[in-house]
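Worth saying up front: this structure is predicted, and the values here are computed from it rather than measured. Naming convention: chains lettered A, B, ... in sequence-line order (proteins, then strands); numbering from 1 in each chain. Only this structure's heavy atoms are used, side chains among them; waters, hydrogens and symmetry mates stay out.
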Amino acid sequence: MSETVNYDSVVTMLTTVANKLKDNRDHLSQLDSATGDGDHGTAIAKVADAIVATIEKDESKELKKLLKDIGWAAMSTDAGSTSPLYGSLFMGMSEAVPEEGAIDCAAFATIMESGIAKLRKNTKAEVGCKTMIDTIVPAMAAIRASADGGKNILEALTDGAEAADKGAESTKDMLATFGRAKNIGERARGHIDPGATSMAILFTGLKEGLE
Amino acid sequence: MSETVNYDSVVTMLTTVANKLKDNRDHLSQLDSATGDGDHGTAIAKVADAIVATIEKDESKELKKLLKDIGWAAMSTDAGSTSPLYGSLFMGMSEAVPEEGAIDCAAFATIMESGIAKLRKNTKAEVGCKTMIDTIVPAMAAIRASADGGKNILEALTDGAEAADKGAESTKDMLATFGRAKNIGERARGHIDPGATSMAILFTGLKEGLE
Amino acid sequence: MPMKKFINNPDDLTPELLQGYCAAHSDKVKLVSDKIVMRAKAKDESKVAILTIGGAGHEPALSGFVGDGMLDASVVGDVFAAPGAPKVIEAMRLLKRDAGILFVVLNHEGDVMSGNMALEMAKEEGINVKMILTHEDIAPGADVPIENRRGLGGCVPLFKVAGAAAEAGKSLDEVYAVAEKINNNMATLAVALTTATHPQSGDAIFDLADDEMEIGMGQHGEAGTGSSKMLTADETAEKMAKQVLPAANCVSGDKILLMINGAGATTLMEQFIVYRKAHAYAEAQGMKVVHSLVGEYLTVQEMGGFQMFAAKLDDELEALLNAPSNAPFWVTQ
Amino acid sequence: MPMKKFINNPDDLTPELLQGYCAAHSDKVKLVSDKIVMRAKAKDESKVAILTIGGAGHEPALSGFVGDGMLDASVVGDVFAAPGAPKVIEAMRLLKRDAGILFVVLNHEGDVMSGNMALEMAKEEGINVKMILTHEDIAPGADVPIENRRGLGGCVPLFKVAGAAAEAGKSLDEVYAVAEKINNNMATLAVALTTATHPQSGDAIFDLADDEMEIGMGQHGEAGTGSSKMLTADETAEKMAKQVLPAANCVSGDKILLMINGAGATTLMEQFIVYRKAHAYAEAQGMKVVHSLVGEYLTVQEMGGFQMFAAKLDDELEALLNAPSNAPFWVTQ
Ligand SMILES: Nc1ncnc2c1ncn2[C@@H]1O[C@H](COP(=O)(O)OP(=O)(O)O)[C@@H](O)[C@H]1O
Ligand SMILES: Nc1ncnc2c1ncn2[C@@H]1O[C@H](COP(=O)(O)OP(=O)(O)O)[C@@H](O)[C@H]1O
Ligand SMILES: [Mg+2]
Ligand SMILES: [Mg+2]
Ligand SMILES: [Mg+2]
Ligand SMILES: [Mg+2]
């Protein structure tokens, strides 16, 4: 059943993501208090609400449109850096949804890559800069490798979620060169980046939503 | 030796008053914190400094001019209600200093009365309004009675200081109808009025300066 | 522990403040004889001069309103303290003119005493001065005798109205009449939420529990009509507007001035949220808000709170409020 | 325990603020599509429009500077948060004109991201927009790359200069050039003394010991270059002026703009005391302060502290600063 995904299964995946993100609201804000301005949880909850609200009012039942609308709604949440980053992730994903045909693991990986590419247009941050990029890059690499290796979507997402968690964890000892945490220099060390954490939750949510 | 006072003895009396007022700076501010804005001690210290500074720079050695200058300097201290009230007290005293001749107990009482009359031009407060008037009125009555009864200045001031203390004490149970304390209604009860207290210190200081 | 304020020697607060203010606005104001803030370029002597007095610590009031179209001079006392009569009479001598001087005093006992003494001296010297006392605080009740009602932020629009009338060449009696017109149709109520530190003593000027507010608080921390549990912005605004509007004689059909004057720490964000409700309430009563003032006009250091002020206007007062002015803290084109 | 602020539902802060602000100044500004503050009376389409974006919570910035002679519109995000690109592109569509739009963005990542996305969409739609980024914070050092220097209160004089040039009928390139001139010759340094409460979460936005101050504090409580023991007003002013003036390229003989921008709870009294010393320091270095700004322009709720800002001026910039404007929080006759 995880050989392909469609509108309904993606809706379930995204709903799971939204719920998990909301469950982590306070935790994410606490992480942001240590290195930033303490509002990442609030921001993420707004994005989660935007996902849920867009799904609820979508009448098209078309995945391409749904993802684009989620992206636009996420960008409209006025939630600091989070809105454009998450917003462009979904808008970029939409751009790669094929007009016709089923979405298999390779197509799914391409959709994710397209989202990440659009997200990364917002920032010059690379791996090692103590941002959500530290989660996204290894997670995407794992998903692509699994897809290339012939695994199904659930297996690929399982590998991706595992890599995402490691990526988020890796930010702990870094100095920040992007995001507000860069302002505090050495004091950022020892704290996990909030955006890296919320992205890891996103990958886990996608996986769990498909299970 | 207390049958008459002259420039030098008044200088000693006023210096004693100034020192006693300054010693009570914190106490007076604390009293004012309970019912007003907590600055009567600061105000009184400024008046005391004005007294001392005026005495120091006086070259006339004329009591009339000295008292007028003290009044003007006290009024210039910008210290809330205290400056005009204490300032006019001294200016009014100056007005009754005789051009010629010694100041005996009757003349001294007249000088004090003139000062008090000028002070009272500033306010409609009467005895019972929880202000310095509650000190001044009984103190002056005692001085005038003693003078009329043939006592000398020190004896009159001793009676005056005693009446002043009682007057100040009497403000404790009053409601205020003048001064900032009127704004707090019933909450003023149980607190002695700061201005009534500083005036009692003034009468005691005049007495002690003559001893 | 040092006070958490940017100050030097606490005794030098007022002179340093005045020097800084006059340096920053040297095109508009100058400092004369230590404590008198005057217009940099004096108004024509044929016109009535407007003078006020009051303690420092309430910035931008009162000296922030010296300038073309508003005050000619203000005499500044020390923090929260009236200036002494000697400085006041000195300012009157500087402004002496046949057209006369309107002398605006806020009803606080120290100011009134200094004002009265200076007025007496001015009369003796043949200086033509007319005094007007502001007393629009309704905390003790709108009907108590004038002597018991403090002058709060309402002096600021009164300066504007009187200043504009003087600029227009009106006589002293006319300027006085227009000032009295707004004076008799205005009301203020203050509310405090958090205390302020007296910048000289370092002490808190009052106490208030963590969940309480006090409506009626005075400008120097004098207690008001009693503390109560905190209300929301809308509840506070409505509760106060219900008292202020009728006390300013504002009724349905009236054009009104509505002012939210921040006390210090209350943010402009909060002031606009409060204003929003007060405005809606007034309009729902059938009044038309034709002039609004929201911001810090007369502060109490970094106190949290605000004053709500209203005045009933007519065409003349409305036009005077809109007339040009160039005081540092009230510029109208 | 309720927050000690006059608010209603914390989620409604920004809409209620904007409604209150536009009601109080309805002769000057209006609210469009919930989050766009525009001039009540639009500027002639033949002239370049000036647009800015930024989070709420810094009042009067940014929307307080919408008005004749300054901004044409501002797009407001939630408290301390950038507005999303969809609203920004909407504002650009509203201002679309052949003369073009100057789009002023303060360097904060959220704003830059939204700004860039909107800019990309605008290009696709054929809207003529030129973006300028302010980045005058010198806390991380005056020489670090632009990306690492935040935009602080310096945007306000930049709005004034650009707005006046646009009003004078200059082309987009000319308006951009004059804005870049001040942008490349200005510097800001912030200092914090006491924290502020985030009006949505109720939390303190940072901690600082009772006897400490922090120079370099960011606008949302982002830590600066480290805390130190408190200094007097004069020591603080001199220490900061020594860094700010050279970073703004101000040298002996220059005409300069000097601004003390109160963060919130710091009184105007303190600001003028600090200004006094900074002014004296600049003049002692042979500079001539020809324009001063002291007061609250861009605040951080009720934070105690201030920003010191300086810009090197020439005749053109000086004249633009003095040109007429009628924005609610910057009126010049
Ligand atoms: N320039 C950037 N590039 C990549 N990620 C970023 C960047 N800026 C911020 N982030 C991510 O966003 C997170 C903070 O999000 P949030 O707290 O919502 O935004 P803000 O910093 O505006 O308050 C950071 O932890 C980081 O992962
Ligand atoms: N109207 C008045 N009549 C008589 N005495 C007054 C009046 N106002 C104030 N006082 C006296 O002055 C004292 C307060 O002085 P002070 O604290 O220096 O003035 P302020 O109230 O201006 O701070 C009061 O305790 C009272 O005795
Ligand atoms: Mg954040
Ligand atoms: Mg944020
Ligand atoms: Mg007092
Ligand atoms: Mg006092």
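B:Ser88 and B:Asn122 are linked by a side-chain donor-acceptor pair at a separation below 3.5 angstrom, with hydrogens and angles left out of the test. With no hydrogens or angles considered, a side-chain donor-acceptor pair links B:Asp159 and B:Ser146 at under 3.5 Å.
Taking the six-membered ring where tryptophan is involved, the planes of B:His40 and B:Tyr86 are tilted, since the angle between them lies from 30° to 60°. Relative orientation of the C:His58 and C:Phe80 rings is parallel, given thresholds of 30° and 60° on the angle between their planes.
Neither the backbone nor the side chain of C:Ile53 has a heavy atom closer than 4.5 Å to any heavy atom of chain B. With a threshold of 4.5 angstrom between heavy atoms, C:Val76 approaches chain B through N, CA, C or O but not through any side-chain atom. Interface remark: C:Pro83 contributes backbone and side-chain atoms alike to the contact with chain B (heavy atom separation under 4.5 Å). Neither the backbone nor the side chain of C:Asn116 has a heavy atom closer than 4.5 Å to any heavy atom of chain B. For a residue to count as touching a neighbouring chain, one of its non-hydrogen atoms must lie under 4.5 Å from one of that chain's; by this rule C:Met113 touches chain B with backbone and side chain alike. Residue C:Asn148 touches chain B through both its backbone and its side chain, counting heavy-atom pairs closer than 4.5 Å. Interface residue B:Ser76: backbone and side-chain heavy atoms are both found under 4.5 Å from chain C.
Contact count versus chain C (heavy atoms, under 4.5 Å) is highest, among B:Leu85, B:Thr123, B:Thr35, for B:Leu85.
Screening C:Asn9, C:Leu13, C:Ile7 against C:Gln200 for a side-chain contact (heavy atoms from CB on, under 4.5 Å) leaves a single residue, C:Leu13.
Although no hydrogens or angles enter the test, the distance criterion places no donor-acceptor pair under 3.5 Å between the side chain of B:Lys182 and the main chain of B:Leu175.
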